[in-house]
Amino acid sequence: MPELPEVETTRRGLAPLVCGATVAAVIVRNRALRRPVPRDLARILTGRRIDALERRAKYLLFRAGDGTLIVHLGMSGRLWVVAADAAPQTHDHLDLAFSNGRVVRLRDPRRFGLVLWHSGDPLRHRLLRDIGPEPLSDALNADWLFRATRARSGAIKNALMDSHLIAGVGNIYANEALFRARINPKLPARRIGLERYALLAARIRETLSEAIGAGGSSLRDYVGGDGMAGRFQNRFLVYDRGGEPCVNCGAPLRAFVQGQRSTYYCPRCQR
DNA sequence: CGCCAGGCCTGCACGC
DNA sequence: TGCGTGCAGGCCTGGC
């Protein structure tokens, strides 16, 4: 499941290969993603040059002149470079062929992904404009988290997964960051003070940065087409470890469903 | 064979 | 009335 570190790894891998390149052809094999791929995407993109590849939350932004190709990988999407003559396989829904001979391919078995075109500033697109601060930027800090949670009655774990509060923190990293900050996922967000939010902001950034570093180590394989073999999953401290001993205190980790998502935590360390 | 995770948008219910 | 918030539903398929 691509979380923010995988999306950022994808961005870093693709950027040097597509920036400055011109789109020669667009092949859409299946338009039925979470929203239909625009019918006129090929007409719009062909002949355009990619100026930059950016990321906002988990959205990839291919800046191309006065518009932007916005791509979201959902939970099973992969975007990578294939050989120009590589035969498409099942779930390979879209190819972007560039005039430099490179082909960027989207594979998304569950089709929760998204491909759309936006003319004008993509940050003002309806899906992007109300997203909270980037977790790797200084905009994510104790002041913001504290202020933005005063009126919330819900648990901190659910708040962390609200994209309007913070961009791009998914279930795995919400679990991991809360463990590292020693905060109980059930704790109401409004009851957390400035100091603990400072710690949490630091741990969120730390966890995501480490994961990006680990994803970076498999960057070559990924872009080469071997799929996403990032190594950070070996470093999860609580995620998917219900019943296992806490690395910190040895107490058995607990698992439960919170806001329709699996939560894992240490009942002794996280208060 | 049937269930269900998973991101995240959408629509609805609710309280101030 | 309107707005922010919370909650549940829906989209899909691979893997158990």
Side-chain angles (χ1 to χ4, degrees), chain A residues 1-11 29-38 55-61 70-79 88-94 106-116 118 122-135 144-177 185-192 204 207-208 211 215 227-228 230 232-233 236 238-243 255-264:
Chain A
M1 23 57 230
E3 291 237 24
L4 188 145
E6 289 75 37
V7 177
E8 177 62 18
T9 298
T10 298
R11 188 194 70 77
R29 300 184 192 85
N30 187 352
R31 296 177 57 236
L33 302 187
R34 195 168 82 217
R35 294 165 166 219
V37 176
R55 179 187 59 74
R56 176 76 171 109
K58 295 178 193 168
Y59 294 90
L60 287 167
L61 309 176
I70 303 176
V71 176
H72 194 288
L73 298 177
M75 61 161 292
S76 62
R78 290 174 177 181
L79 199 60
Q89 297 179 31
T90 322
H91 309 307
D92 287 350
H93 308 311
L94 182 138
L106 173 70
R107 176 178 300 171
D108 185 6
R110 296 191 184 174
R111 287 191 271 130
F112 281 17
L114 200 61
V115 173
L116 47 93
H118 181 75
L123 301 183
R124 293 169 73 173
H125 188 279
R126 198 170 46 82
L127 295 176
L128 298 180
R129 70 182 173 207
D130 294 324
I131 290 179
E134 281 294 320
W144 164 253
L145 290 175
F146 183 78
R147 256 191 311 120
T149 52
R150 289 314 87 188
R152 295 186 84 111
S153 60
I156 181 60
K157 165 83 175 338
N158 295 338
L160 285 187
M161 296 182 60
D162 181 347
S163 63
H164 300 295
L165 185 68
I166 311 175
V169 175
N171 193 40
I172 292 173
Y173 294 99
N175 278 297
E176 295 294 316
K186 293 181 225 180
L187 194 60
R190 72 196 318 169
R191 291 187 40 209
I192 298 175
I204 291 169
T207 309
L208 292 171
M228 204 175 299
F232 194 75
Q233 63 272 18
F236 293 156
V238 291
Y239 182 77
D240 207 21
R241 291 188 183 275
F256 69 104
V257 174
Q258 186 178 27
Q260 301 167 291
R261 291 293 177 284
S262 305
T263 295
Y264 304 89

**Message:** Please report the distance, rounded to the nearest Å, between CG in A:N171 and P in B:dA5.
**Reply:** 11 Å
**Prompt:** How close do A:R111 and A:S76 get, heavy atom to heavy atom, and via which atoms?
**Reply:** N-OG, 4.1 Å
**Request:** Output yes when a side-chain donor or acceptor of A:T207 lies under 3.5 Å from a complementary backbone atom of A:E176, and no otherwise.
**Result:** no
**Protein proximity profile, nucleotides 9-16 of chain C - base contact B, sugar-phosphate-only contact S, no contact -, cut-off 4.0 Å on heavy atoms** = B-BBBB--
**Asked** Are A:Y59 and B:dC9 close enough that a side-chain N or O sits under 4.0 Å from OP1 or OP2?
**Response** yes
**Message:** Can a donor-acceptor pair be found, under 3.5 Å and without considering hydrogens, that links the side chain of A:N175 to the backbone of A:S262?
**Reply:** yes
**Complete:** Residue pairs passing the salt bridge (charged side-chain N to carboxylate O under 4.0 Å, His left out) test with at least one member in residues 144-161 of chain A, sequence neighbours excluded, are A:R152-A:D162
**Prompt:** What is the distance, rounded to the nearest whole Å, between atom CE of A:M161 and atom P of B:dC9?
**Reply:** 12 Å
Under 3.5 Å, which N/O atoms of the protein pair with N/O atoms of nucleotides 10-16 of chain B?
| residue | atom | partner | partner atom | Å |
| --- | --- | --- | --- | --- |
| B:dT10 | OP1 | A:R35 | NH2 | 2.4 |
| B:dT10 | OP1 | A:R126 | NH2 | 3.4 |
| B:dT10 | OP2 | A:R126 | NH1 | 3.2 |

**Fill in**
note: A:D130, atom CG; B:dC9, atom C1'; distance rounded to Å ~ 13 Å
**Message:** Just so I know, are the side chains of A:L116 and A:H125 near enough to count as touching, which here means a heavy-atom distance under 4.5 Å?
**Reply:** yes
**Item:** CZ-CG distance between A:R78 and A:L106, expressed to the nearest 0.5 angstrom
**Value:** 11.5 Å
**Prompt:** Expressed in angstrom and rounded to an integer, what is the separation of A:K157 atom NZ from C:dG6 atom P?
**Reply:** 14 Å
**Message:** If I take atom OH from residue A:Y264 and atom CZ from residue A:R241, how far apart are they, to the nearest 0.5 angstrom?
**Reply:** 11.0 Å
**Request:** Find the distance A:H164:NE2 to C:dG4:P and express it as a whole number of Å.
**Result:** 10 Å
**Prompt:** To the nearest 0.5 Å, how far apart are NE2 in A:H118 and CZ in A:R124?
**Reply:** 8.0 Å
**Request:** Please assess A:L160 against A:I166 for the test side chain to side chain contact (heavy atoms under 4.5 Å, CB included), listing each intermediate value before the final yes or no.
**Result:** CA-CA 6 Å; A:L160 285 187; A:I166 311 175; 3.5 Å; yes
**Request:** Mind calculating the distance between CD (A:Q258) and P (B:dG6) to the nearest angstrom?
**Result:** 13 Å
**Request:** Grab the OH-P distance between A:Y173 and B:dG6 for me, whole Å please.
**Result:** 13 Å
